[in-house]
2 protein chains.
Amino acid sequence: MGPSERQKKILRAIVEDYVRTAEPVSSKAISQLPELNYSSATIRNEMAALTDLGLLEQPHTSAGRVPSALGYRLYVNELMQDYRLSTDETKSLNQAMEMKMAQADKVISQIGKLVSQLTDLPAYAVRSHVQQLSVKRFDFIGAGTQSIILVVMLSSDEIKNKLIRLPLVITDHDLKLLGAVLNASLAGIPASGFTPELIDRITKNAGDAASLVPIVVDFVADLLQAQQHSEVFLTGQNRLLSQPEFHDIDKAQQMLTTLDEDIISNLPATIGGNGTQILVGPEDISKELRDTSVVMTQFDIGEGMKGMIGVVGPTRMDYAKVTARLSYFAEGLAKMFGTSELPPSETDKEDS
Amino acid sequence: MGPSERQKKILRAIVEDYVRTAEPVSSKAISQLPELNYSSATIRNEMAALTDLGLLEQPHTSAGRVPSALGYRLYVNELMQDYRLSTDETKSLNQAMEMKMAQADKVISQIGKLVSQLTDLPAYAVRSHVQQLSVKRFDFIGAGTQSIILVVMLSSDEIKNKLIRLPLVITDHDLKLLGAVLNASLAGIPASGFTPELIDRITKNAGDAASLVPIVVDFVADLLQAQQHSEVFLTGQNRLLSQPEFHDIDKAQQMLTTLDEDIISNLPATIGGNGTQILVGPEDISKELRDTSVVMTQFDIGEGMKGMIGVVGPTRMDYAKVTARLSYFAEGLAKMFGTSELPPSETDKEDS
DNA sequence: CTTTAGCACTCGGGGATATTGAGTGCTAAA
DNA sequence: TTTAGCACTCAATATCCCCGAGTGCTAAAG
């Protein structure tokens, strides 16, 4: 049987107090709240019940109570009140987002920094491709007799390029031929489809430009690989140190390295749930991370790409506030990357 | 009057012992070294002298000695022995460098990570332009009727691009015209030279493509600005926490934030000295940073760009080793970016 | 004049011990 | 069902003391 309404109210009060103070919460503190006007003894009884239900924990016999992982779960699922962004906050959020984010991959790392600043916690940002990438079209631009520029447009509509210094002089005509052959044979094919036979055939058809084929193919293959592999940006680690739970250097370091290693490599895989997710440390990530939680939000970037921003903090963190900021941000971003409505003056700006 | 030879020898021993142990060095410890076979009393006398010279310090009356900032300075300038990289080390350094560093700006951040790993300290990497950038040439590629790709080659030989969705249909002919006009009027001109009059003249000459002019110009102007502004990558902050001097959380945090703020913003400006430089904390950076030093090395990337890699660590760090690794690395990089010898198969790989 | 042995003195670190006070659980009365 | 009251627990803090590493100085030896 679950907790009573009053018990939930108390639980909520405890979580919120704990979030504020980072100290175990006493019955007295709760009994003094205007909305819970009972004596400390009454609260104590209820707290004992909540402890039996596994929603609270006691660091030691004569200390106050602290929410357990289960307690947090209940809190974030049912009890948490939407945090209302103040107009000041929305203003600064908007301002932050309006910042010129010059290049597409820079955007994602900028976002990380912003989120970190706004929550005063470490944050990370991920961009990951959910579809197999391929090249949509190839173009060559002559750049003097000694070099040409290869420009490829990916299926994600990103454009990448490479300057190729020529080992020999190649005529415009040959270049056109090569372009045509490549467009005919490689367009739409993901890196996994680059079989030796295919390459062979292309080389045969490429005429005098045959010597360029391996260079181009290697470049494209590398590119597709590299893009596939998603990127994670992590910033603001130092902000974690101001949290009291990490005043223990060892914990702090363990935390930071886990951040660097685990989170970075595992979280992209976690991508899949939708909207804002809250991972409560020991429950959802790893038992060692007693005091760590992650709040993350995903959003669509369109063109087969997803983005994700997340905040890492003490299990005791202000979920409501963090969540609010995060989703507001994610909405803004989704709009910014807006899949459909592209006003002609605000075209995509891509960089390879 | 400077220290005697014997005093220097003692100073060197003290620095090196302190680097190893992170504990104040006692006269006894020194007197036991085979190369300084004096009684502890003798050493004590000399140590007292070195203290008078300001080269050593005493944390408190009955503790051993610790090198002062001045002491370190003398050490790194005169006393430090070249650290010989073992073959194992060179091997792993080479291996690390051979790693595919797919894109030009990625390279620089990868380097940071590598250096951090190899020194087990936080490291940063900077790429900065020393010359005013301009565009070398403009090209357009049609991509369907609704969009075109603008490709610009910068004076640094980097290539950037932008996908432009067209508000209207533009003929190939118009596009060629626009390209010609831009190449004629904007090539070689830095952003600062984009005067309203110039833009005006271009727009007049652009015929039917006039509506594209502002888009292109804005893009280019932004681009040149953004590139000018140098980028700093900092990684491995957590490694600092394993150093005993930062077991004090407050120090650690102060350090980390200073890292984030000061170093990041100020060091690029410091670019200018040549070769490997050692900045001893309180002396060269800021008085607050009692325990922090920076070792940094610059190298030429060619094409009006400079790179810099640096390591941040406790003032007590193994300067010899760090310096060795750093310069080895810098050499390798300079070679890699090698200005002149570009084997045709290993062309520049640029990304915009 | 330089080196060294000897000795008194200093002072931080660590361990043991006492003290405090916040908080609990339980009981009995309202 | 709520509350007042009280005994009890235990982490955190303060206090004290001792240990020993290390120094500075002096006086003797080289």
Side-chain angles (χ1 to χ4, degrees), chain A residues 3-11 13-14 17-18 20-68 71 244-245 247-249 251 291, chain B residues 1 3-11 13-14 17-18 20-68 71 244-245 247-249 251:
Chain A
S4 71
E5 277 314 307
R6 190 170 72 175
Q7 285 168 351
K8 283 189 189 170
K9 224 168 143 187
I10 291 174
L11 175 60
I14 290 176
D17 191 84
Y18 184 57
R20 249 195 25 257
T21 63
E23 305 259 292
V25 184
S26 73
S27 52
K28 196 169 148 209
I30 298 300
S31 75
Q32 278 163 352
L33 294 176
E35 71 270 28
L36 281 164
N37 203 3
Y38 301 92
S39 81
S40 65
T42 310
I43 303 293
R44 270 205 294 285
N45 287 333
E46 295 290 48
M47 276 161 77
L50 285 167
T51 308
D52 287 342
L53 287 170
L55 298 170
L56 292 181
E57 278 169 0
Q58 230 173 344
H60 55 265
T61 335
S62 78
R65 299 299 209 292
V66 162
S68 70
E245 29 270 279
H247 256 51
D248 176 359
I249 265 280
K251 258 189 204 155
D291 309 300
Chain B
M1 190 206 61
S4 71
E5 277 316 306
R6 190 171 71 175
Q7 285 169 349
K8 284 189 189 172
K9 224 168 144 187
I10 291 174
L11 175 61
I14 290 177
D17 190 84
Y18 183 59
R20 249 196 25 258
T21 62
E23 305 259 292
V25 183
S26 73
S27 52
K28 198 170 149 208
I30 298 300
S31 76
Q32 277 164 352
L33 293 176
E35 71 269 28
L36 281 164
N37 203 3
Y38 301 91
S39 81
S40 66
T42 310
I43 303 293
R44 269 205 294 285
N45 287 333
E46 295 290 47
M47 276 162 75
L50 285 166
T51 308
D52 287 342
L53 287 169
L55 297 169
L56 293 180
E57 279 169 1
Q58 231 173 342
H60 55 265
T61 337
S62 79
R65 298 300 209 290
V66 162
S68 71
E245 29 270 278
H247 257 50
D248 176 0
I249 266 278
K251 258 191 206 154

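Just so you know, these numbers use all the heavy atoms, side chains as well, and skip hydrogens, waters and symmetry mates. Below, read A as the first sequence line, B as the second, and so on, with proteins coming before strands; counting in each chain starts at 1. What you see is a predicted model, and the numbers here were worked out from it, not measured in a lab.
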Peer 1: Taking only side-chain nitrogens and oxygens of B:S27, does any of them come within less than 4.0 Å of OP1 or OP2 of D:dG22?
Peer 2: no
Peer 1: Heavy-atom nearest nucleotide on DNA chain C for B:H60 versus B:N37: which residue maps closer to 5'?
Peer 2: B:N37
Peer 1: Once you apply a heavy-atom cut-off of 4.0 Å, does B:S40 come out as touching a base, just sugar-phosphate, or nothing?
Peer 2: nothing
Peer 1: Is there a donor and acceptor pair, one atom on the side chain of B:S62 and one on the base of C:dT10, closer than 3.5 Å?
Peer 2: yes
Peer 1: Atom CG of A:N45 to atom C1' of C:dA28: distance rounded to whole Å?
Peer 2: 13 Å
Peer 1: What's the closest nucleotide to the side chain of B:R65 if the choices are D:dT23, D:dA4, C:dT24?
Peer 2: D:dT23
Peer 1: When both hydrogen-bonding distances must be under 3.5 Å and the geometry is Watson-Crick or G-U wobble, what is C:dT4 paired with, if anything?
Peer 2: D:dA27
Peer 1: Would you tell me if any nitrogen or oxygen in the side chain of B:S26 comes within less than 4.0 Å of OP1 or OP2 on D:dT23?
Peer 2: no
Peer 1: Strictly below 4.0 Å: does A:R6 bring a side-chain N or O up to OP1 or OP2 of D:dT2?
Peer 2: yes
Peer 1: Identify the nucleotide, in any strand shown, that forms a Watson-Crick or G-U wobble pair with C:dA30, with both distances under 3.5 Å; if there is none, say none.
Peer 2: D:dT1
Peer 1: With heavy atoms under 4.0 Å as the rule, sort B:T61 into base, sugar-phosphate or nothing.
Peer 2: sugar-phosphate
Peer 1: Using Watson-Crick or G-U wobble geometry with both distances below 3.5 Å, tell me the partner of C:dT10, or none.
Peer 2: D:dA21
